[in-house]
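Because only heavy atoms are used, hydrogens play no part in the values below, and waters and symmetry mates are left out as well, while side chains stay in. For this chain, numbers begin at 1 and follow the sequence in order. Remember, predicted model here, so these are calculated numbers, not experimental data.
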Amino acid sequence: MAREFQRGHKAKISDLTAGTDLYVGVQISAPGLTFDISCFGLDADEKLSDDRYFVFFNQPKSPEESIQLLGAQAGDAESFRVTLDRIPAAVQRLSFTATIDGDGQMSQIAPGYIRLVAGGEEVARYAFSGAEFSTERAVMLADIYLKDVWRFAAVGQGFDGGLAALLRNFGGEVAEDEPAAEPPAPQSAPGFAPPSGPAPGFAPPAGGPTPPPAPAPAPAPSFGGPVAPPQPAPDRSGFTPPPGAGGLDIHHAPTMVGPLATPPGQAPPFGQVPPPAAPPGPGMTPPPFPGQPGPPGASAPGNPFAQQPPPGYPQPGAPANYGLPSMPAQGPGLAVGMQKYREAPTGQRWTQQNPKMMRADLSQAGGQPVLARQGSMVLYQGKVDFGYKGAGFTGRIVGNMTGQEMQLMRCTGNGQVFFAENASYLHPVELQGDALCVSAENVLAFDESLQHEVRRIEGHGIPGGALFTMQFQGTGTVIVKTHGTPVVLPVTPTTYADSNAIVAWSAAAQVIVSSQVRLRRSAYPGHSGETVNLQFRGAPGNFIVVQPYEV
């Protein structure tokens with residue numbers, strides 16, 4: 001089953017498929033528009049490493065043929081073959097783009113996608129639509145990039161210029177006044193894709209109905225005539241497309257999908273700038289509301305002072321529905337003001353939305369569940385199940401005796417969950433096989449893969465004879481919450497912390513209880529209030545975290 005990506009999501013290709021011979025298919029269309037779909041081979045500085053690695057209709061392959069333009073097939077408007085183990089070391093990133101050839105805007109496009117196919121099976125798909133864009137004429141759809149290993153990222157970033165501007169942005173040169181060559185003639189099948197037999201590793205998945213061949217291109221329409229919608233491209237390679245994305249479950253739909261046009265009287269989606277309104281026809285512009293200035297230099301007919309009569313009175317040249325209540329136009333000011341509060345998708349397992357809110361993507365890390373403090377969920381998207389996570393009889397007894405009991409819930413599914421609690425500051429701490437000691441009171445959520453247990457801190461001269469804390473160990477992330485902004489200090493032989501203000505420390509540090517309880521203080525009134533401190537010792541690299549608040 002193909003893994004659905006949203007804008008900003010990233011994944012290792014090795015987590016999607018073991019193959020290195022990939023098929024990349026792109027579907028993008030809009031009535032009356034023509035698109036150029038290209039691939040840029042970029043270096044570590046995200047610049048075109050060599051003009052020969054700009055693969056487009058006029059240069060259909062790279063020198064060693066590690067990147068090849070295949071044309072329209074298997075239901076895709078354009079497709080590529082990418083052989084990862086043949087890409088030269090100078091090329092660190094492949095950026096797949098789509099640009100409009102001529103006039104038009106990306107907000108006009110119909111729902112489309114870019115997908116990865118390996119071994120005859122679709123393994124990744126990023127769906128997009130015109131609702132995600134406005135006046136851009138190009139879009140960077142997705143990247144295949146090298147960061148230790150090859151990875152796939154859904155980009156979905158608009159670009160104002162066309163193909164030439166995009167090429168200059170990547171450091172390429174544009175030949176002036178040079179006519180573009182005609183696209184290569186359609187092939188019956190690529191040389192590496194035999195028309196019969198099993199599908200090769202890079203080919204799109206087989207099965208399903210074969211789309212009918214498209215008719216010959218129609219002549220250009222006459223001036224002012226309607227433009228015929230584009231027809232589906234023929235399947236020249238003999239492969240059939242997988243089931244379409246129209247039947248996807250609603251919980252797998254991209255986060256930022258909206259209608260192509262906003263219904264009248266309805267505000268545009270959150271954070272989206274509404275498209276400019278079409279110019280009104282003659283005699284169809286109602287006068288402005290009372291007290292609202294009209295266009296510069298304009299005045300109401302028969303009113304030389306441009307004053308507006310009260311609503312409901314006859315208006316010269318006003319439409320029939322004038323005087324009915326209407327929604328005031330919502331300008332771009334609201335969208336601009338809300339922009340800084342928008343969701344921040346990064347494609348990571350944990351994403352900090354702001355200092356006091358954290359998002360967990362349950363579809364990352366192999367669908368591993370998240371354990372969180374009960375009642376800490378403030379929002380979720382997609383299909384998420386919440387269940388009670390019990391500690392068992394022994395765990396409850398230990399928690400009650402040590403004060404380190406955590407009331408947890410288990411979050412599973414394929415969506416995103418947002419966590420917060422009492423506007424506390426949240427800090428993700430990623431563990432890579434190491435350990436962290438943190439008080440249960442300061443734990444908000446963590447990956448279920450982490451091992452956690454109550455740890456005893458020995459001491460003398462304090463009530464109960466010991467202090468306790470939680471120790472987390474393994475590979476994963478734990479979300480620590482604090483009152484205010486904490487301070488992180490290195491451990492030295494003279495590092496002391498108040499036991500009520502300490503939040504966490506590296507598990508390798510040695511902790512010694514330093515008690516200030518003395519007979520003199522007990523026998524005579526008056527004391528400093530600082531009774532129990534913790535002294536930390538350890539090798540360089542150990543640290544403690546202290547909050548500006550005492551529990």
Side-chain angles (χ1 to χ4, degrees), residues 8 340-362 364-365 368-380 403-409 411 416-455 468-491 495 497-509 511 534 536 538 541-551:
K340 60 183 178 180
Y341 301 115
R342 290 184 62 182
E343 177 187 2
T346 63
Q348 304 297 326
R349 169 71 164 179
W350 294 92
T351 305
Q352 190 147 19
Q353 302 298 304
N354 58 57
K356 301 180 181 181
M357 185 177 295
M358 189 71 60
R359 187 191 77 173
D361 192 341
L362 301 181
Q364 300 288 333
Q368 180 185 123
V370 166
L371 298 180
R373 186 177 295 274
Q374 292 180 11
S376 61
M377 184 276 294
V378 296
L379 166 70
Y380 74 92
Q404 297 297 310
E405 184 180 10
M406 291 189 296
Q407 301 290 337
L408 299 175
M409 62 180 178
C411 309
Q416 299 85 37
V417 186
F418 294 74
F419 298 104
E421 187 177 73
N422 296 331
S424 298
Y425 286 84
L426 305 181
H427 315 274
V429 180
E430 184 176 356
L431 302 180
Q432 296 289 343
D434 41 6
L436 177 74
C437 292
V438 55
S439 172
E441 177 65 25
N442 296 99
V443 176
L444 180 70
F446 56 94
D447 289 320
E448 193 179 42
S449 60
L450 291 175
Q451 301 174 0
H452 59 284
E453 60 181 356
V454 178
R455 180 178 175 182
F468 298 90
T469 185
M470 294 295 299
Q471 177 173 303
F472 292 84
Q473 188 170 9
T475 300
T477 300
V478 56
I479 308 301
V480 178
K481 64 187 183 76
T482 63
H483 294 273
T485 303
V487 61
V488 179
L489 296 175
V491 171
T495 300
D498 191 313
S499 60
N500 293 321
I502 188 74
V503 173
W505 63 87
S506 52
V511 188
L534 300 180
F536 294 86
N542 288 284
F543 62 89
I544 63 172
V545 182
V546 181
Q547 64 185 359
Y549 179 87
E550 291 191 1
V551 178

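Within a 6.0 Å sphere centred on CD of Q451, heavy atoms belonging to other residues, nucleotides or ligands number 12 at most. The number of heavy atoms from other shown groups lying within 6.0 Å of CZ (F418) is above 12.
In terms of the ring-ring contact (aromatic ring centres under 6.0 Å, His included) criterion, residue partners of Y549 (sequence neighbours excluded) are, by chain and number, H483. For A507, the side chain to side chain contact (heavy atoms under 4.5 Å, CB included) test picks out A435, C437, R455, Q471, with sequence neighbours left out. For L489, the side chain to side chain contact (heavy atoms under 4.5 Å, CB included) partners are V487, I544, not counting sequence neighbours. For Q368, the side chain to side chain donor-acceptor pair (under 3.5 Å) criterion is met by S449, not counting sequence neighbours. V429 is linked by a side chain to side chain contact (heavy atoms under 4.5 Å, CB included) to L431, L436, V478, V480, counting only residues two or more places apart in sequence or in another chain. Evaluation of the side chain to side chain donor-acceptor pair (under 3.5 Å) rule for E448 yields R410 as partners, not counting sequence neighbours. Residues satisfying the ring-ring contact (aromatic ring centres under 6.0 Å, His included) criterion with F543, sequence neighbours excluded, are absent altogether. D447 meets the salt bridge (Lys or Arg N to Asp or Glu O under 4.0 Å) test with R349; sequence neighbours excluded. Looking at residues two or more places apart in sequence or on another chain, you find no side chain to side chain donor-acceptor pair (under 3.5 Å) involving S376. Residues satisfying the side chain to side chain donor-acceptor pair (under 3.5 Å) criterion with H452, sequence neighbours excluded, are absent altogether.
Going from atom CZ of F536 over to atom CG of N542 covers 10.5 Å, rounded to the nearest 0.5 Å.
Within the structure, salt bridge (Lys or Arg N to Asp or Glu O under 4.0 Å) contacts touching residues 421-433 (residues at least two apart or in different chains) are R373-E421, E421-K481.
Closest non-hydrogen pair, G476 versus L450, comes out as N-CD2, 3.6 Å. Between P428 and T477, the shortest heavy-atom distance links the atoms CB-CG2, 4.1 Å.
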